[in-house]
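What follows is a short report on a single structure.
These numbers were taken from a predicted model, which means no experiment stands behind them. Order of appearance sets the numbers: ligands from 1, and atoms from 1 within every ligand.
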Amino acid sequence: MTTRCVEVALAVPLFRTFTYSVPDGIATPIPIGTRVLVPFRARNEIGIVMGASAPPEGVTLKALHAVLDATPSLPGPLLETGQWIAEWYAAPIGLTLRAMLPTSLMSPNAKPSAEKRQRVVRIMREMPSLLEREQMFARAKQQRVVYELLDAQGGRAALETVRQQSGCSAAVIAALAKRGLVEVRDERIERDPFAERAGVAPPPTPSAAQRDAVNAILAGAPGQSFLLHGITGSGKTLVYIEVLRAILAQPQKTAIVLVPEIALTSQTVDRFRGAFGDDVAVLHSGLSDGERHDAWQALRRGERRIAVGARSALFAPLEYVGVVIVDEEHESSYKQSETPRYHAREAAMVRARAEGAIVVLGSATPSLESWERANRGQSIRLTLPGRAAGAQLPDVSVVDLRTIVRQAVAARTPNAPFDETLGVLSPVLSAAIEARLTRGEQSLLLLNRRGYASYMQCFSCGDVRVCPHCSISLTYHRVPESLVCHYCQHQEAPGTRCHTCGEDALRRKGMGTQQVERLVAERFPSARIARMDVDTTSGKWAHTAILDRVGAGEIDILLGTQMIAKGLDFPNVTLVGVIDADTGLNLPDFRASERTFQLLSQVAGRAGRGRKHGEVFIQTRLPTHHAVRHALTHDYVTFVHEELGQRRTPIYPPFVSVANIIMSGTDQGETAQAMLAASAWIQRLLARDSLRDVVLVGPAPAPIDRIKDRWRWHVLLKATRAGALTRVVRYIAERCPVPKRADLRLVVDRDPVSLL
Ligand code: ADP
Ligand code: ZN
């Protein structure tokens, strides 16, 4: 009698599967995609059945313990998607499949966690005016630190977080509570806000342009992909909704909707829930393991037919998927930054093909990859050229900061101090904000740099204070006061003495969102201001809380980093000001221009979305840069044409497929040497005939050559034939020798979204 065997994928960093025998009493064949419990290295592990196999000769196999699923946890098309991800991104299959399932299903001892209760501090008395705060806390500096911290987090935060981040004692918080300014109580901190959000108005009737787009999409053959290029405010969401409505009207059909970040797109998510109610499962990072487990099961059992969520919602266990929608497809948050390093947009197309579903990629500023794919006829481009409901695109003007400063210098009386704030709030922008305040309209101000000052520099020797663990300058934060590394969160007291020359000459340079907030508050004392950046949104639902306040008209000026550029739709926002358009233009990354154009166009697109006309001011020192110039005229097509031209020499995506190979280690010399050796190894590999069109660039230190105490070197691989690169990265990930010294690690990042 022959032994019955199965191949099982286990969540270990190895490029192989494991063979187990199937004991009597377990029916075969076990369907692929089924979870099984197996003995592995003196433990029990959960693995995924990848197929039957012939028993190897002369080896005694371990037997699997149990079959855990009645129906496969990973149905065919999902498993196929996983296999594609593992191959394309050179990731071990077991780790890839594990990433596709909720934790509760993959760890043998997991018990879905109960809801967490926590001591929470919340603001009881709002003080939007900075001046009121100055008075209130004139003699209570510590209380102010706590208050500002809470305010920055949307008005509430865990007691523990507040104490840690403020460095203040419990007595300070108690004193605040005694004054009635805050309250401390037991609360469930990570409650699910989507469970308790108010209903949304039913969607409007589609316009002719929206109807045409919907009809074109519905006429698509199974597996067809569409690029929906609709300008900001053109009503792409309604197109998605109408497509879903038609697909879900067919028996059994289901749908997946991907959004870049749930917390930032609560408005969009609300619209889907408004249209489809309980048919929608919202998958987001705020869910506890237990809630995630429940949401997953509900989709698996077909109780909910639409999965809405960020990147990993692509792995929703739905069957008969009829359509996959990727909203704001250009967003880099669709790329996962750890193994498996997949891009959800690319994987969405693979899953759709496996399901026989249609894919819709939507954006006002499509990625060059998607645009070029449409140029080549691999997807169908659809255009929404005008704003919905008769709204007009805003007027965009450039404010040349060089001239502003030059004029101000020329006009100033001798010996008068120079007004540094002119380069932050230019006179035109200032006047425009003032006008909005008078008319009761809202303004958005974008500065893509958080903290108070960008860095601290010694005026005596010029030294810039950098992180002791990373090659990155430390950012000065005012509340709580510290120097912070934005890569590893290292914090230190600012001080004024230079670490290099010892002079008492450290000064703050460059401006961050905290400082702009202060400046705006001083210039417009009556304005109600909110700031939205990583520091104000560390609470899971802080974003949603801030945005809801904007929507309710409780905020006059919303200031923030790129977060405020993402999909917000507030009809009363009629002014957008970009404080400094140049922050991202000089990064050593081939996507710097593309990113900047997208950011400027997207944030500009937040203005004038209702009946009132919008106005945008872009402050820059590079007014002739093509990313700035074409954002002024909302001219994506001309921008993309120019930008594609620049990607030809040297050649970059979308004309080649690239992979970034990064060696990192704790010793600088060892890391460099290991990368040189790896690079030589790769060169020998590339000498083979079939791999000749894969080109290696480098090795070189990474632009940020040290992060979290690890030195970093890299090489870039470019290939005109993607298939050749797939083979190369697989070889590298699997076989490239990495010395066991200095904690050396080799990472393969295919289709990287950042080369820093
Ligand atoms: P986009 O995502 O393309 O930037 P949205 O989907 O947010 O645009 O739509 C912009 C605004 O226009 C929303 O407030 C939406 O409710 C409204 N809108 C969209 N389509 C219509 C329509 N056919 N009639 C009236 N209002 C519409
Ligand atoms: Zn650091």
Side-chain angles (χ1 to χ4, degrees), residues 200-214 227-245 257 259-260 264-272 274-275 325-331 360-366 382-394 451 455 464-475 477 482-492 547 551 565-573 576 598 601-612 614 634 636 664 704-712 756:
V200 187
T205 316
S207 65
Q210 287 167 324
R211 221 350 83 221
D212 288 347
V214 172
L227 175 61
L228 178 61
H229 177 218
I231 61 164
T232 56
S234 58
K236 293 183 285 293
T237 317
L238 189 56
V239 172
Y240 306 147
I241 288 177
E242 292 303 318
V243 167
L244 290 187
R245 203 189 295 288
V257 180
V259 294
L264 289 171
T265 51
S266 45
Q267 275 187 313
T268 310
V269 175
D270 284 345
R271 285 189 193 152
F272 285 106
I325 285 162
V326 185
D327 190 22
E328 308 292 358
E329 64 86 27
H330 63 278
E331 282 283 339
V360 183
L361 312 180
S363 176
T365 53
L382 302 170
T383 312
L384 294 177
R387 281 195 156 178
Q392 299 298 310
L393 279 170
Y455 56 95
V464 172
R465 184 76 190 128
V466 292
C467 175
H469 312 286
C470 310
S471 300
I472 281 290
S473 54
L474 294 172
T475 304
H477 286 239
S482 60
L483 284 176
V484 182
C485 171
H486 287 176
Y487 272 82
C488 74
Q489 314 312 327
H490 163 85
Q491 293 201 11
E492 62 184 49
L547 296 179
K566 315 232 155 153
L568 309 188
D569 183 40
F570 296 116
N572 201 33
V573 169
V576 166
Q598 285 164 348
S601 307
Q602 292 288 347
V603 75
R606 302 309 116 205
R609 291 167 75 89
R611 273 206 217 105
K612 299 174 196 160
H634 310 281
Y636 173 83
S664 68
I704 300 175
D705 67 356
R706 190 169 174 238
I707 295 178
K708 298 185 190 172
D709 289 318
R710 299 183 66 81
W711 296 91
R712 307 166 75 237
L756 298 181

query = Do side-chain atoms of Arg465 reach the backbone of Leu474 as a donor and acceptor pair under 3.5 angstrom?
reply = no

task = Enter the distance from Ile325:CD1 to Ile241:CD1 here, rounded to the nearest 0.5 Å.
result = 9.0 Å

query = Distance-only, no hydrogens or angles: does the Tyr636 side chain make a donor-acceptor pair with backbone N or O of Ala364 under 3.5 Å?
reply = no

task = Please list, chain by chain and in numerical order, all residues satisfying side chain to side chain contact (heavy atoms under 4.5 Å, CB included) with Leu393, sequence neighbours excluded.
result = Ile231, Thr232, Arg387, His634

query = More than 12 foreign heavy atoms under 6.0 Å from CD of Glu492: is that the case here?
reply = yes

query = Which residues pass the ring pair (Phe, Tyr, Trp, His ring centres under 6.0 Å) test with His477, sequence neighbours left out?
reply = His486

query = Protein N/O/S atoms under 2.8 Å of the Zn ion (ligand 2)?
reply = Cys467 SG, Cys470 SG, Cys485 SG, Cys488 SG

Would you tabulate the polar-atom pairs, meaning N/O of ligand 1 against N/O of the protein, with distances under 3.5 Å, reported to 0.1 Å?
{"residue": "ligand 1", "atom": "3 (O)", "partner": "Ser234", "partner atom": "N", "Å": "3.3"}
{"residue": "ligand 1", "atom": "3 (O)", "partner": "Ser234", "partner atom": "OG", "Å": "3.4"}
{"residue": "ligand 1", "atom": "3 (O)", "partner": "Gly235", "partner atom": "N", "Å": "3.1"}
{"residue": "ligand 1", "atom": "3 (O)", "partner": "Lys236", "partner atom": "N", "Å": "3.0"}
{"residue": "ligand 1", "atom": "3 (O)", "partner": "Lys236", "partner atom": "NZ", "Å": "2.9"}
{"residue": "ligand 1", "atom": "4 (O)", "partner": "Gly233", "partner atom": "N", "Å": "2.7"}
{"residue": "ligand 1", "atom": "4 (O)", "partner": "Arg609", "partner atom": "NH2", "Å": "3.0"}
{"residue": "ligand 1", "atom": "6 (O)", "partner": "Lys236", "partner atom": "N", "Å": "3.4"}
{"residue": "ligand 1", "atom": "6 (O)", "partner": "Thr237", "partner atom": "N", "Å": "3.1"}
{"residue": "ligand 1", "atom": "6 (O)", "partner": "Thr237", "partner atom": "OG1", "Å": "2.7"}
{"residue": "ligand 1", "atom": "7 (O)", "partner": "Arg271", "partner atom": "NH1", "Å": "2.9"}
{"residue": "ligand 1", "atom": "7 (O)", "partner": "Arg609", "partner atom": "NH2", "Å": "3.1"}
{"residue": "ligand 1", "atom": "8 (O)", "partner": "Gly235", "partner atom": "N", "Å": "3.2"}
{"residue": "ligand 1", "atom": "8 (O)", "partner": "Arg609", "partner atom": "NH2", "Å": "3.4"}
{"residue": "ligand 1", "atom": "14 (O)", "partner": "Asp569", "partner atom": "OD2", "Å": "2.4"}
{"residue": "ligand 1", "atom": "20 (N)", "partner": "Gln210", "partner atom": "NE2", "Å": "2.9"}
{"residue": "ligand 1", "atom": "23 (N)", "partner": "Thr205", "partner atom": "O", "Å": "2.8"}
{"residue": "ligand 1", "atom": "23 (N)", "partner": "Gln210", "partner atom": "OE1", "Å": "2.9"}

inquiry  = I'd like to know if the side chain of Arg211 and the backbone of Thr205 have a donor-acceptor N/O pair within less than 3.5 Å.
reply    = no

Test item: Arg271 side-chain N/O and Pro203 main-chain N/O as donor-acceptor pair under 3.5 Å = no

inquiry  = Under a 3.5 Å distance rule, please check whether Glu242 uses its side chain to pair with a backbone N or O of Pro206 as donor and acceptor.
reply    = no

